[in-house]
Amino acid sequence: MRRTRQIRPTEGLSRPGKARSGPVVSVLAFAGITVAVMQTLLVPVIKDLPVLLDTTPANATWVMTATLLAGAVSTPIMGRLGDLHGKRRMLLVSLAVMVVGSLICASTDDLVVMITGRALQGFAMGAIPLGIGIMRDELPRERLGSAMALMSSSIGVGGGLALPAAALVAQHADWHALFLGSAGLGLLAMALTYTLVPEPPLRAPGAFDVIGALGLSLGLVLLLLPVTKGGDWGWTSAPTLGLLGAAVVVLVLWGLFELRTPAPLVDLRTTARREVLLTNLASIMVGVAFYAVSLVLPQLLQLPTSTGYGLGQSMVVAGLCVAPLGVTMMFVAPLYARISARRGPRTTLMLGMLVIAVGYGAGLGLLSAAWQTVLIAVVLGAGIGLAYSSLPALIIGAVDPSETGAANGLNTLMRSIGTSVSSAVIGMVLADTSVTAGSVRVPSMEGFRISFLIAMGAVLIGLVLAAFLPSRRPSAHPVLLASSAGDARAARAAEPGERGQRTGASNRGTVASSRETSDPGASS
């Protein structure tokens with residue numbers, strides 16, 4: 001059993017991490033929002049892509065699919081590289097790749113080149129788990145819960161805020177300006193990260209698992225490709241079933257290899273722990289619920305009123321109506337910290353999923369006016385924000401501190417799988433229930449309501465999974481423990497006689513011990 005050195009509150013004790021926590025949190029959250037923008041950047045112009053790129057609608061969808069696949073592959077890989085070689089360093093690499101991809105997209109109308117650039121943009125999704133890992137390593141305990149909540153929610157915040165901004169640009173400027181704007185955001189995020197974010201000293205032992213990374217990448221591509229393209233290819237077609245079968249074989253072989261590797265890309269034994277496994281499964285369900293509203297509301301808002309149910313709004317107004325989804329997610333981070341401090345992240349996750357279920361249930365009867373869609377976006381944003389905010393605390397509370405980057409990367413991947421499944425299933429539902437309006441086929445109100453029911457069902461499954469998570473209640477007499485690098489530095493300041501006795505390994509042991517006795521999400 002590891003030895004735990006307790007650090008008791010000392011009057012006048014200096015907390016070095018505290019002074020810099022403000023800019024660190026703000027910069028990392030900005031970086032997370034910046035990379036999340038890539039997921040919805042082209043949603044306002046998606047229907048025009050075949051004309052803009054001079055290609056078929058089926059080929060144009062690869063512009064969106066490439067970003068999704070690259071983001072799914074990069075999150076666990078960049079998380080592990082961050083654990084090994086420095087999270088700040090890998091965060092800067094992720095942002096730099098995104099900037100390069102944005103500049104490539106801004107300079108081309110060629111389909112293949114555009115797909116390449118969009119894949120590079122998606123690669124930056126690894127920045128979000130890296131940011132969560134930096135927060136765990138650097139922030140004092142009193143800031144950790146709300147900071148991780150904000151970083152985790154940045155996926156939804158960026159996606160929500162990108163819709164009205166991208167719609168405004170696409171409506172009044174050349175669509176390539178979208179990519180110039182994303183490149184500018186990426187450069188700003190890199191400059192702020194380089195200037196204001198420190199490099200955590202904590203490193204994981206071992207070497208990078210190249211074979212494991214290649215195997216996971218291949219398995220994910222084989223899995224997500226038919227999921228995202230099954231509607232175009234046919235769900236029972238040979239390419240769809242063949243790729244799904246190949247994905248099962250590759251991922252099983254990859255898992256067997258990982259179990260025998262001394263320093264695996266993903267520690268499957270840790271992943272199989274009840275808390276980690278159930279949290280990741282619940283994350284898939286939250287991902288399904290999050291993406292459903294992003295697919296339904298913009299289409300409903302922009303359908304012409306001649307359909308009898310369309311709201312006839314412009315692209316910009318539709319984006320503004322959906323924007324509260326992201327804004328609300330950003331503002332529930334402090335609320336998450338208060339609830340989690342009293343009840344723990346498991347309770348917050350369950351509460352968030354209940355709010356999501358209520359939002360979708362109410363939405364079944366509130367789709368007849370623009371103000372009603374704003375109300376739905378606010379309620380769902382609050383629920384998704386609470387649910388997303390709880391996930392990093394649950395993961396970090398169950399893994400060794402040297403594995404936080406890889407573990408959160410895998411959790412972010414689970415959310416990406418959820419959004420991929422949501423996109424495929426709801427896209428299929430909307431296509432199968434479409435009706436003819438004039439000379440074109442458009443989604444029907446029945447399809448929109450079925451989509452809401454699917455999202456509500458997914459989140460209720462997630463609620464059942466969360467109910468089996470271990471319950472943690474804050475202690476009535478809490479003891480301050482070293483739960484981050486900031487606390488560890490405070491410990492050395494308070495007990496100078498022990499400075500020479502603290503090694504990197506013992507510091508990891510202290511952090512790990514604090515994880516076993518305190519809840520990182522229970523911060524106020």
Side-chain angles (χ1 to χ4, degrees), residues 7 13-35 78-98 124 126-152 154 186-205 333 392-393 396 400-409 480-494 496 499 502-512 514-515 520 523:
I7 307 163
L13 179 63
S14 172
R15 299 296 298 276
K18 198 177 198 177
R20 302 191 66 183
S21 63
V24 167
V25 173
S26 301
V27 170
L28 292 176
F30 176 71
I33 291 171
T34 297
V35 302
M78 294 305 291
R80 178 59 177 166
L81 286 172
D83 289 337
L84 289 170
H85 303 298
K87 300 180 182 71
R88 173 177 171 268
R89 180 182 301 170
M90 291 301 112
L91 174 58
L92 289 169
V93 170
S94 295
L95 291 170
V97 172
M98 187 204 81
I128 292 175
L130 290 169
I132 293 172
I134 292 173
M135 289 175 174
R136 170 59 200 259
D137 291 348
E138 287 296 313
L139 298 185
R141 283 187 63 221
E142 62 267 22
R143 294 296 309 277
L144 189 56
S146 59
M148 289 194 307
L150 179 59
M151 190 71 196
S152 180
S154 65
L187 289 172
L188 179 58
M190 288 180 66
L192 292 173
T193 300
Y194 183 81
T195 305
L196 298 174
V197 177
E199 178 66 85
L202 186 64
R203 296 286 188 277
I396 285 177
D400 189 90
S402 64
E403 299 173 347
T404 53
N408 276 296
L480 180 63
L481 298 174
S483 65
S484 70
D487 292 317
R489 289 193 293 266
R492 293 193 290 271
R499 290 180 186 175
R502 300 289 303 278
T503 64
S506 65
N507 184 49
R508 286 192 293 270
T510 303
V511 180
S514 72
R515 171 178 53 76
S523 307

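Source: prediction; values computed, not measured.
- For the atom pair T34 OG1 and I128 CD1, the distance stands at 10.0 Å (nearest 0.5 Å).
- Considering only heavy atoms from C-beta on, T195 stays 4.5 Å or farther from V27 through its side chain.
- At least one side-chain heavy atom of L130 sits under 4.5 Å from a side-chain heavy atom of S94.
- Note that the CD1 atom of I134 and the CE atom of M90 stand 11.0 Å from one another [nearest 0.5 Å].
- L187 CG to M98 CE: the interatomic distance, rounded to the nearest 0.5 Å, is 7.5 Å.
- If you take CD on E138 and CG on L28, they are separated by 10.0 Å, rounding to the nearest 0.5 Å.
- Remark: the backbone N or O of V197 is paired with a side-chain donor or acceptor of R88 at under 3.5 angstrom.
- When each of L188, L92, V24 is paired with T193, the side chain to side chain contact (heavy atoms under 4.5 Å, CB included) condition holds for L92 and for no other.
- Residues P200 and P198 share a closest heavy-atom pair of CD-O, 3.3 Å.
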